[in-house]
Amino acid sequence: LRVVMKRIGLEIDKRKIHTVSMFFVAEFMCLMFYYTFYRVLFESITDYEVFIVLETTHLTFEWIFYPLRASETYCNMVESLSRREGKWSNILVEFLSPYGLNCKDWQNFVALDFGIRLLILVASGINITIMLLTISVSPWIDIELREGGVQLRYTLLYVLLSVTVEICNVVLMNRLFFKPRQLDIQAMLKQCFEEHRFVLITTVIASLLFINPVYAFTTNNTF
């Protein structure tokens with residue numbers, strides 16, 4: 001679904017300038033879904049071993065999807081494929097580097113994508129934490145243990161641990177990969193959010209997605 005939505009966004013963005021990018025709107029919405037429900041998975045974790053496996057898998061894909069995908073090796077591979085003739089080579093190149101950018105522009109593109117993920121990573125962690133704390137003190141919500149479940153405070157602990165580990169990973173990723181290549185994520189995000197329509201759309205998406213887990217918990221005591 002994420003791939004389909006982003007491809008539709010790319011098609012809409014073609015031949016457009018100085019306007020909101022539907023690709024990044026689709027990316028924002030898909031990442032909101034991912035992180036909202038990824039955080040909710042910690043409700044079912046009962047020991048540290050499962051947490052470590054889940055978090056390690058998540059961080060591994062982070063390194064594959066951003067630093068590896070923006071590396072010079074990746075760019076050289078795509079460039080090598082683009083020189084080949086054939087239908088499948090063209091399809092593969094379009095899939096691997098949909099905008100057909102040079103290596104530096106592609107790295108900027110991935111860095112902006114990474115910046116949006118960073119915002120959602122932090123925002124989802126803060127939101128879920130506030131939601132869990134609110135639920136724990138709300139007198140109209142029954143927060144007794146579900147059969148086979150874990151206490152609310154352990155869910156909160158795993159969410160906080162997850163956010164802390166992911167922020168440390170972001171700092172490490174920035175120092176080892178983005179900063180040496182002079183990719184200013186903060187400046188890119190600032191430029192992206194200067195488009196008021198993008199801010200409006202993402203605010204609506206974020207509000208709707210964050211309301212859903214709260215509603216689910218207040219109606220049946222589970223996320």
Side-chain angles (χ1 to χ4, degrees), residues 1-43 58 61-62 65-66 70 98-99 108-138 141 155-156 158-160 162-167 169-171 173-174 178 183-220 222-223:
L1 179 61
R2 180 183 177 188
V3 173
V4 172
M5 292 184 64
K6 290 169 69 174
R7 295 301 304 182
I8 293 174
L10 282 174
E11 292 300 318
I12 295 174
D13 285 346
K14 285 183 177 179
R15 294 176 293 277
K16 286 172 53 181
I17 58 174
H18 305 303
T19 186
V20 61
S21 169
M22 297 310 297
F23 172 88
F24 285 111
V25 169
E27 176 74 340
F28 184 91
M29 182 163 59
C30 292
L31 287 176
M32 284 295 304
F33 269 110
Y34 172 79
Y35 270 102
T36 299
F37 294 101
Y38 171 69
R39 303 292 184 210
V40 169
L41 289 176
F42 296 116
E43 183 200 15
H58 171 77
F61 278 101
E62 291 281 285
F65 200 71
Y66 293 101
Y99 278 117
N108 286 324
F109 177 81
V110 175
L112 176 56
D113 200 4
F114 174 74
I116 291 176
R117 177 178 280 257
L118 172 59
L119 287 179
I120 297 174
L121 181 161
V122 175
S124 64
I126 293 174
N127 181 269
I128 295 295
T129 300
I130 293 174
M131 184 186 72
L132 291 172
L133 290 174
T134 302
I135 289 171
S136 66
V137 299
S138 299
I141 300 177
T155 304
L156 179 59
Y158 285 126
V159 169
L160 292 175
S162 173
V163 174
T164 302
V165 170
E166 289 163 18
I167 290 176
N169 179 66
V170 165
V171 173
M173 197 180 293
N174 186 56
F178 291 105
L183 299 171
D184 192 341
I185 296 174
Q186 183 177 357
M188 295 177 190
L189 282 174
K190 181 180 178 181
Q191 184 177 2
C192 185
F193 279 89
E194 283 177 352
E195 171 57 57
H196 67 278
R197 285 168 292 187
F198 182 80
V199 174
L200 177 61
I201 293 172
T202 54
T203 300
V204 171
I205 293 171
S207 301
L208 291 175
L209 287 179
F210 280 148
I211 288 171
N212 182 64
V214 177
Y215 174 76
F217 198 100
T218 54
T219 53
N220 63 5
T222 185
F223 291 115

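Every heavy atom of this structure was used, including side-chain atoms; hydrogens, water molecules and symmetry mates were not. Note that the numbering runs from 1 along the sequence shown for the chain.
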Fit a plane to each ring of Y34 and H58, take the angle between them on a 0 to 90° scale, and name the class: parallel (under 30°), tilted (30 to 60°) or perpendicular (over 60°).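 Y34 vs H58 ring planes: parallel.
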For a quick test of reading the model, state the closest non-hydrogen atom pair linking [X] to [Y] and the distance between them.
{"X": "V159", "Y": "R39", "value": "CG2-O, 4.0 Å"}
{"X": "I185", "Y": "G115", "value": "CG2-CA, 3.5 Å"}
{"X": "F178", "Y": "Y66", "value": "CZ-CB, 4.3 Å"}

Exercise. Give a yes or no answer on whether the side chain of S162 reaches the backbone of Y158 with a donor-acceptor pair at less than 3.5 Å.
Key: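 Such a contact is absent between S162 side chain and Y158 backbone.
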Item to complete: Please step through side-chain contact (heavy atoms from CB on, under 4.5 Å) for the pair L156 and T129, ending with a clear verdict.
Response: CA-CA 6 Å; L156 179 59; T129 300; 3.6 Å; yes
By side chain to side chain donor-acceptor pair (under 3.5 Å), D184 pairs with (sequence neighbours left out) none
Residue pairs passing the salt bridge (charged side-chain N to carboxylate O under 4.0 Å, His left out) test with at least one member in residues 119-132, sequence neighbours excluded, are none
Just wondering, do [Y] and [X] contact through their side chains at under 4.5 Å, heavy atoms?
{"X": "M32", "Y": "T202", "answer": "no"}
{"X": "I116", "Y": "I120", "answer": "yes"}
{"X": "L189", "Y": "L112", "answer": "yes"}
{"X": "F65", "Y": "D113", "answer": "yes"}
{"X": "Y38", "Y": "S124", "answer": "no"}

Nearest 0.5 Å, what's the [atom1]-[atom2] distance between [X] and [Y]?
{"X": "L200", "Y": "H196", "atom1": "CG", "atom2": "NE2", "value": "8.0 Å"}
{"X": "N169", "Y": "L118", "atom1": "CG", "atom2": "CG", "value": "10.5 Å"}
{"X": "F37", "Y": "I128", "atom1": "CZ", "atom2": "CD1", "value": "9.0 Å"}
{"X": "L119", "Y": "R117", "atom1": "CG", "atom2": "CZ", "value": "12.0 Å"}
{"X": "T155", "Y": "L41", "atom1": "OG1", "atom2": "CG", "value": "11.0 Å"}
{"X": "M22", "Y": "M29", "atom1": "CE", "atom2": "CE", "value": "8.0 Å"}

Output all residues satisfying ring pair (Phe, Tyr, Trp, His ring centres under 6.0 Å) with F198, sequence neighbours left out; order by chain, then residue number.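 For F198 the ring pair (Phe, Tyr, Trp, His ring centres under 6.0 Å) partners, ignoring immediate neighbours, are F193.
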- prompt: When you look at CD of E194, are more than 12 heavy atoms from neighbouring residues, nucleotides or ligands closer to it than 6.0 Å?
  reply: yes
